[in-house]
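Below you'll find the structure, written out as structure tokens, and then a few comments.
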Amino acid sequence: MLGTHGVLGMTLLLLIEQFLNGMQFGVFLFLISAGLTLVLGIMNVVNLAHGSLYMLGAYFASTFFGLTGSLIVSLVLMIPVMLLVGILIELVVLRTLYERDHMDQVLATFGLILFFNELVRIIWGVEAQPLTLPMWLSGNVEILPDAPYPVYRLVIIGVGMAVAAGLFWMITKTRMGMLIRAGASNRPMVGALGINIRFLYTMVFGLGAVFAGLAGLMAAPLQSVESGIGEDMLIFAFVVIVIGGIGSIRGALVASLIIGIFETVGRSILPVLMLEIVDSEAAQTAGPALASMLVYILMAVILFFKPQGLFPARTG
Amino acid sequence: MSEPLLKVEQLCKSFGGVVATDNLDFDVMPGEIHAVIGPNGAGKTTFVAQIAGMLKSDSGSITFDGNDIAGKTAPERSHMGLARSFQITSVFKNFTALENVALSIQAHAGHSFKFWKRASGDKTLIEPAQKILDDVGLGDKALNLAGNLAHGQQRQLEIAMALATSPKMLLLDEPTAGMGTEESEIMRKFLNDLKGDYSMLLIEHDMDTVFSLADRVTVLVYGRGIATGTPKEIRNNAEVRSAYLGEDE
Amino acid sequence: MKNQVLIAAAAAAAIVTAPAITAPVAAESVKVGYMQGFAGGRGIFGRYGFEGFELALDHLGGKFGGMDVELTKKDTQHKPDVGRSVMNEFIKKERVNFVAGITWSNVLAAVWKQAARSKTYLISANAGWSGMAGKNCNPYYFQASWNNDMIPEAMGKLMKKEGIKDVFELSANYQAGKDMLSGFNRQYQAPTKGKILYKLGNNDWQAEISQIRATKPSAIFGFLPGGMGVSFMKQYKAAGLDKTVKLYTVYTVDYGTIRAHGTNAIGSYHTTFWNSDAKTATNQKFIKDYIKKYGKHPSMFSVQGYDAALLIDLGVKGSKGNLKDHKAITTAMRTADIKSPRGKFTYNVNHSPIQNYYKREVIADADGKPKIVVRGMVAEMAKDSHYKKCKMAW
Amino acid sequence: MLSKLKLSILIGSFLILAALPMVAESEMIDEPFYIDLMARVMIFSIAAMSLDFILGYGAMISFGHALYLGLGTYAVGIMAHYELTNGWMQLLVCISGTAFIAFILGLISLRTSGIYFIMITFALAQMFYFLGISLEAFGGDDGLPIDTRSEFFSFFDLNETWNMYYLILGTLVVAALVLWKIINSRFGMVVRGSHSNDARMQAIGFPTFKYRLAAFVIAGVVCGLAGFLLGNLTEFLTPEYMHWFRSGELMIMVMVGGMGTLFGPLFGAFAYLMMEDFLANFTEYWQFYFGPILILLVLFAKQGLWGMLPGKEDISDE
């Protein structure tokens, strides 16, 4: 299909593999976006500092792993710590922002980004932190012929799916989920029911922080743990949430997969495709340039036709 | 008999599975005050939004002054002579009362791509605005910030803004909402003075206001019109009494 | 009333005379401005660079060419326009004689003209923008590091010498990334199995890894700076690609990042200008004192900062105390007669170093921890490829 | 009308700015450095003011406004690169180019509102940032030196510090006056009305979308002019000017100065840039301190510097 131009040898098999890679990346994006869409949708707060929570998760993972040598123990240790961090942020900063406009929220949480980026450098130093994939997770399995796939990436898919399932269950089946939904659509009513909405929000934010931290922990063995890593992820997460529809878990999942596949397949195909169309120096750079703009173009197109995203939440 | 000014036929709107407007037929004759009442969640606000053009209807037709307006935007409907007030007071709080009304006049005085001349010094806007304020009894409050006016005055200002668009018909969404008895009384008198000059579609909660002002009343329950008639007929309608008035009184 | 007038007059006099009092003192010292980006994750280069610079100043007893030093350090925030503002302040307010530092090519491109116009010496402790090696070369600009494409050129030479028959090229889709590739290919001159220009800030490499695997190259040549390199190395290892494809990188592995790379980097190769294993007294003292002062191993950026300071020292010495004697300063600095940890280097016509490049490998030490070892010289006294465009008279 | 105090502060500031080059270069002071410093501050003042025009008055929270700053520099830089150094021509291209792009982007983003609007402006600006990085012909991320500054008149050489400075000051004054006129015009009333209640505006008969779009374009063009000046001042173009961090900074300047106060951002830009400079030289970890300061400002000093001054900016109390 893509011809034999193939310096990149883009065969059908590779295309399928890239598709899988895209899905895996999508699931990873969902991990990052899940907590953010909860906070954004339910509390209607723009939280730019979500990326910082992701970064903190990665740093804690590095430290705990360094101390214990076990990723699972690190996970167990990380959850209460991130919950605490989330609760603290909510109590100190976020709480005062609920009644403010989005502009204030953007600026205040921008302040949080600056603060956390430097905080980690003060505590952990300027160098990137170590965390190497433990042996038992570093194997490969051959899903497609001649293309061994890292076990750890399958683990990420598993965790992402588990989080998705857990969230659906929580939102639809549990009392907390019911309160969250009710709180989103009618705050005074929930208050009137004698439920402490402030406490509820604090817990939701704490939960969001745990999810962000979990994403950071899962990413740490595959990515550099350093100051500022949250921002790139934050941008992706926002694109996901906006495309999916703010506050919709289902939307976040679908949009994550769309973005993951679009980004991954797009950036591997586009440069080849461009060369196929015009074989020149210009195409050599235009391909990658276009690929890096791809998700933003996709977002603009989707929002042009569906200004509330693919799955607009009914409330609001 | 003359043609109705507003004629609504088989109007429908639903949100997800919830039906908000259910095959509604409705009309307002020239000069008439036609009130719509109904319990909470009956779909009154949805109905107003559909008439005003804020919500797109699923099906059905809306004819105003002989024109089908179903496909028109809210500003277009305003220009055709349909003016509305809001349930939640929505005057421009940072503007003075005079500027609020002047803005309304401006909306109907050609396009506003005029970037240079100072709007608040523009006699063609200010003078008629002052006159309307005088008419509604807010003349001496003209230079007060709208946000600083008393609640009842803000509601009056809102109607003044609607009047400033030289409408054929007023769409009033609970003009006495949130008012005390005294303020309600003033508003009632105020609307009574306007009676005859304008056709009105009046959404109202306060039964005294409805029964003292309306020529006709339609009762809305779950998006359906269950009865239409004179206030007296409605008061004596058994179905209405059980569905609505019974609970309310 | 009278008193008040007197006080006012005295105060006015003090204000007027204040600059006059400080002026003569200033003339006896060398004023140096150090500008680099220090904030955020990218601040690491500035940190190492300045530490090297400080250590050199220590070694020189706090003096340049025997003169007292007035050092002003400013943060450019990694922004070209802030860099320009800082340069302006250095020149017009601090009235410095020398400016050193600068991490990024774009900051260098934004500030060099101001320095040249005002005849202020500018010594790049890192940024190796090719524009400076070519048409913009001038008597007031000196390169203490390298030109962007020289390290990849050395890599190209190395991989050719080692007989690697084909490579997959991985570089960033921005200017430096493209410079790296052209530098590499200038020397390597063999077929490539493929090339990817990735997006700045890319962190998920699985798609690239799949693509590389599909083309079955013998080796990868990668320009993967900072965190992107750490991420790539982790994912390259996790995907098991290290078993079939060798990895050669530039600007990716160094002492500043080795801890973060961990065991992932073991078995990879890179080139650099600094023979960190050299047994020379200068190099050993540099490393020992650096570790003593900062508690960590110096990186190549530290060497660059260190040498930038030594170059200023050299220039001041040449001026014999007359900092207005630009001819003497330039002539002295052109000799590059300094005790650099990297060993001897000389200057080309464009003030770009002619120096050795080395192959380094990451191996596992006795504890299984990663260790950088030098595997010999790749290029001896190599010149950059832009100097012919420089029309500077010596 | 402005209160007496505010008017005097404005006029006073203007006089100080007008006299600054002479004072700074006088023998007594001899600190020409301040001329360049203030030139840069004024450019960001213009940019922040243009953002406030849509943000403070039109409630369009654009998180990608720095894009237009970048576009302005590209307009100068690209033309200078092809040796088209006629300032008038450059200005024309800069204005029409930024207007065109703002129009297209406004068409897309103004369909959304709230968080969606914030995010889409953000994403679109990032898109251009990445485009700039990959434009090899114009230096990619390295940026491109602008070898020749814009040429307007033979007697007005922008390489003269004073000329550059007064061009910027002049642009600032003109931009401030024009925007102030616009805000108080019929058009301005529509934009401000749709800020407080867009549904109400539509109900009284304003098709607000096109007015908001026009405001968005005006803000883009004014910010583009700031970029035009920035390119000339720094003799350099770089995609970095379009990075989202810059957009965030512009928002901070607006907030520090006072949202919806047009003249506030002039001082906001000054305060922010000075604060950045001060903190950055105080510690490498300056953002560690600046973050919390920003949060405190948002929480407790929302009205901004300008808003703290007595006298409400209310057009009616003439």
Side-chain angles (χ1 to χ4, degrees), chain B residues 49 52-54 73-86 88-122 124-125 142-147 158 161-162 164-167 171 173, chain D residues 1-2 53 56-59 99 111 113 174-175 177-219 221-222 259-262 303 307 312-318:
Chain B
M54 302 278 176
T73 63
E76 284 167 343
R77 292 181 201 200
S78 165
H79 282 272
M80 297 173 80
L82 193 61
R84 74 168 293 192
S85 74
F86 286 77
I88 300 160
T89 310
S90 56
V91 294
F92 303 110
K93 291 195 166 71
N94 298 322
F95 290 171
T96 62
L98 190 66
E99 283 166 345
N100 268 280
V101 180
L103 201 53
S104 263
I105 292 169
Q106 186 187 324
H108 292 259
H111 69 80
S112 286
F113 284 103
K114 292 176 178 158
F115 297 100
W116 202 249
K117 205 170 141 195
R118 192 177 178 77
S120 60
D122 192 336
T124 59
L125 299 177
L143 296 181
N144 289 31
L145 279 186
E158 198 164 348
M161 288 167 73
T165 64
S166 344
L171 208 54
D173 195 356
Chain D
M1 215 54 226
L2 292 168
F53 178 67
Y57 290 95
R111 290 171 53 87
S113 59
V174 170
L177 285 178
V178 167
L179 288 180
W180 177 248
K181 284 299 274 185
I182 291 179
I183 282 164
N184 291 300
S185 71
R186 286 194 180 196
F187 175 80
M189 294 299 279
V190 179
V191 173
R192 290 158 68 193
S194 70
H195 174 185
S196 44
N197 193 337
D198 197 58
R200 187 75 179 110
M201 288 300 284
Q202 300 207 23
I204 60 174
F206 285 110
T208 49
F209 181 85
K210 57 183 186 185
Y211 293 99
R212 286 155 59 89
L213 181 58
F216 192 79
V217 171
I218 291 171
V221 168
V222 175
M259 247 172 82
T261 63
L262 197 63
Q303 73 274 43
K312 205 156 164 46
E313 206 152 301
D314 176 15
I315 56 164
S316 61
D317 59 357
E318 302 199 34

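As the structure is a prediction and not an experimental result, all values here were calculated from the model. Just the heavy atoms: all of them, side chains too, but no hydrogens, waters or symmetry mates, feed the values below. To find a chain, count down the sequence lines: A is the first, B the second, and so on, and within it residues start at 1.
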As an exercise: rank [options] by heavy-atom pairs under 4.5 Å with chain D and give me the winner.
| options | value |
| --- | --- |
| B:G53, B:S90, B:P167, B:A109 | B:S90 |
| B:Q106, B:R77, B:H79 | B:Q106 |
| B:L125, B:T165, B:L171 | B:L125 |
| B:A119, B:A164, B:A162 | B:A119 |
| B:S85, B:P75, B:S78 | B:P75 |

ask   = Is the number of heavy atoms from other residues, nucleotides or ligands within 6.0 Å of CD1 (B:I88) greater than 12?
value =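 Incorrect, the count does not exceed 12.
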Does any part of the side chain of [Y], heavy atoms only, come nearer than 4.5 Å to the side chain of [X], both counted from C-beta?
| X | Y | value |
| --- | --- | --- |
| D:M201 | B:L103 | yes |
| B:N94 | D:H195 | no |
| B:F92 | D:R192 | no |
| D:I218 | B:F115 | yes |
| D:R200 | B:M161 | yes |

Which pair of heavy atoms, one from [X] and one from [Y], lies closest together, and at what distance?
| X | Y | answer |
| --- | --- | --- |
| D:I204 | B:A107 | O-CB, 3.2 Å |
| B:S112 | D:Y211 | N-OH, 2.8 Å |
| B:M54 | D:A199 | CE-O, 3.3 Å |
| B:H108 | D:G205 | NE2-CA, 4.3 Å |

Contact part of [X] toward chain D, heavy-atom cut-off under 4.5 Å: side chain, backbone, both or neither?
| X | answer |
| --- | --- |
| B:E76 | neither |
| B:F113 | both |
| B:D122 | side chain |
| B:K114 | both |

task = Could you check which of D:K210, D:Q202, D:R186 has the highest count of heavy-atom pairs closer than 4.5 Å to chain B?
result =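 Heavy-atom pair counts peak at D:R186.
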task = Starting at CZ of B:R118, measure out to NZ of D:K181 and round the result to the nearest 0.5 Å.
result =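 Between B:R118 CZ and D:K181 NZ, I get 7.0 Å after rounding to 0.5 Å.
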